[in-house]
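Atom set for the values below is all heavy atoms of this structure, side chains included, hydrogens, waters and symmetry mates excluded. Letters A, B, ... mirror the listed sequences (proteins, then strands); counts begin at 1.
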2 protein chains.
Amino acid sequence: MFRLSKGAEYAIRGVLHLSLQPRGRVAYIDEIATAQGVPRAYLAKIFQYLSKKGFLKSTRGAGGGFVLDRDPGEITLLDVIEAMEGPIHLNDCLIHKDFCERVDTCPVHDVWREAQERFLESLSSCTFEKLAESPKLKKATKTKKKK
Amino acid sequence: MFRLSKGAEYAIRGVLHLSLQPRGRVAYIDEIATAQGVPRAYLAKIFQYLSKKGFLKSTRGAGGGFVLDRDPGEITLLDVIEAMEGPIHLNDCLIHKDFCERVDTCPVHDVWREAQERFLESLSSCTFEKLAESPKLKKATKTKKKK
DNA sequence: ATATTTAAGACCTTTTTAGTCCTCTTTATA
DNA sequence: TATAAAGAGGACTAAAAAGGTCTTAAATAT
């Protein structure tokens, strides 16, 4: 199955939300979960995990919450996805060099290798800085203001 | 998780095996399973399924087995994968147009759409005719003959 | 007849996904 | 210093998907 897990999807939404905050502003789970349409408890667990991985910094207690611990320009979609799901291997035979005993005789191997390269490129060339600058987000804000 | 299922992997090996047979030669499960390193009973189920889907034609009884029911040049990797796993959607939000209520405000959506296009292109541009012509396979045959 | 082959479907185990829930700790502030 | 507001940590669960096996039946060549 080639599908992004919910966990990674939610992680992306969360990191994007933080990328959109004014520099230094602390956001807390409840706010983010509501804004991004993510189950609160699940997001809490995800953020806890992303903190350990060095994407976020948390502060406990009243007024606490999360901030990005890296520049949004230095975080790619691929980073967040692989943090949540582990390294991407489109086919088991791409896990290790020499893992697949068929590598020398299997013509499909090369197709996978190239497909994977292209796929990773798609995801790694997209930073959260870039995402945060999307005109779509500005449009959304405008719409809200009109209301 | 972005990973090819075993079922699809085995299906690919099976179809490739059939693509390599002399035109009209019937191959049977036991032979293919052994040659391709696939659990026999599982491959039987997979082939049964691929027959229903119109990729293979089966004949029962002694001397029976499977042949391709399409030209290898007309079957792509994507065809076989989607037959086994269903249509590929890298993200749930790509399932239907207008499925994702965030489509107008979510900047990630477009990244997924493009990544998916490129990915499908990688898989659909590879036919079994092309795979069967790979020099790798000829090398493998040579090696065997030497033995 | 019998041996060989697929067809069909019931059944099973393990892994992954997608969460929830409860208790504990930290911290600002009234 | 009591209290409310936050995250930390871990146990737990339900549902779905993955990856099979097994048994019985039907077809067919010899």
Is [X] touching bases, backbone alone, or none of the nucleic acid, heavy atoms closer than 4.0 Å?
{"X": "A/Tyr28", "result": "sugar-phosphate"}
{"X": "A/Tyr10", "result": "sugar-phosphate"}
{"X": "A/Phe66", "result": "sugar-phosphate"}
{"X": "B/Gly64", "result": "sugar-phosphate"}
{"X": "A/Thr59", "result": "sugar-phosphate"}
{"X": "A/Lys57", "result": "nothing"}

Quickly work out the [X] [atom1] to [N] [atom2] distance and round it to whole Å.
{"X": "B/Lys6", "N": "C/dT16", "atom1": "NZ", "atom2": "P", "value": "13 Å"}
{"X": "A/Ile29", "N": "D/dA4", "atom1": "CD1", "atom2": "C1'", "value": "18 Å"}
{"X": "B/Leu50", "N": "C/dA8", "atom1": "CG", "atom2": "C1'", "value": "16 Å"}
{"X": "B/Met84", "N": "D/dA18", "atom1": "CE", "atom2": "P", "value": "10 Å"}
{"X": "B/Asp92", "N": "C/dA18", "atom1": "CG", "atom2": "C1'", "value": "12 Å"}
{"X": "A/Phe2", "N": "D/dA18", "atom1": "CZ", "atom2": "C1'", "value": "14 Å"}
{"X": "A/Gln48", "N": "C/dC24", "atom1": "CD", "atom2": "P", "value": "16 Å"}
{"X": "A/Tyr49", "N": "D/dG10", "atom1": "OH", "atom2": "P", "value": "14 Å"}

Quick check: is B/Tyr10 connected to B/Tyr28 through a chain of hydrophobic side chains (ILVMFWY, heavy atoms under 4.5 Å apart)? no
Original post:
Are B/Tyr49 and B/Tyr42 connected in a single hydrophobic cluster, I mean Ile/Leu/Val/Met/Phe/Trp/Tyr linked by side-chain heavy atoms less than 4.5 Å apart?
Top reply: yes
Look at [X] together with [Y] and state whether they make a salt bridge at an N to O cut-off of under 4.0 Å.
{"X": "B/Asp104", "Y": "A/Lys136", "result": "no"}
{"X": "A/Glu114", "Y": "B/Arg118", "result": "no"}
{"X": "A/Glu85", "Y": "A/Lys6", "result": "no"}

Query raised in the report: Taking atom types as they are modelled, is there a donor-acceptor pair under 3.5 Å from the base of C/dT27 to the side chain of A/Arg60?
Result: no
Donor/acceptor link under 3.5 angstrom from A/Lys45 side chain onto base of D/dG9
no
When you get a sec, tell me which of [options] is the closest nucleotide to the side chain of [X]?
{"X": "A/Tyr42", "options": "C/dG19, D/dG7, D/dG19", "answer": "C/dG19"}
{"X": "A/Ala41", "options": "C/dT20, C/dA7, D/dA8", "answer": "C/dT20"}
{"X": "A/Ala62", "options": "D/dA8, D/dA27, D/dA4", "answer": "D/dA4"}

When you measure from the side-chain N and O atoms of A/Arg40 to the phosphate of D/dA6, is any distance below 4.0 Å, counting only OP1 and OP2? no
Return no unless some side-chain N or O of A/Arg3 is found under 4.0 Å from OP1 or OP2 of C/dT16.
no
Once the angle between the rings of A/Phe2 and A/Trp112 is folded into 0 to 90°, is it parallel (under 30°), tilted (30 to 60°) or perpendicular (over 60°)? parallel
By nearest-heavy-atom nucleotide on DNA chain D, the more 5' of A/Met1 and A/Phe47 is A/Phe47
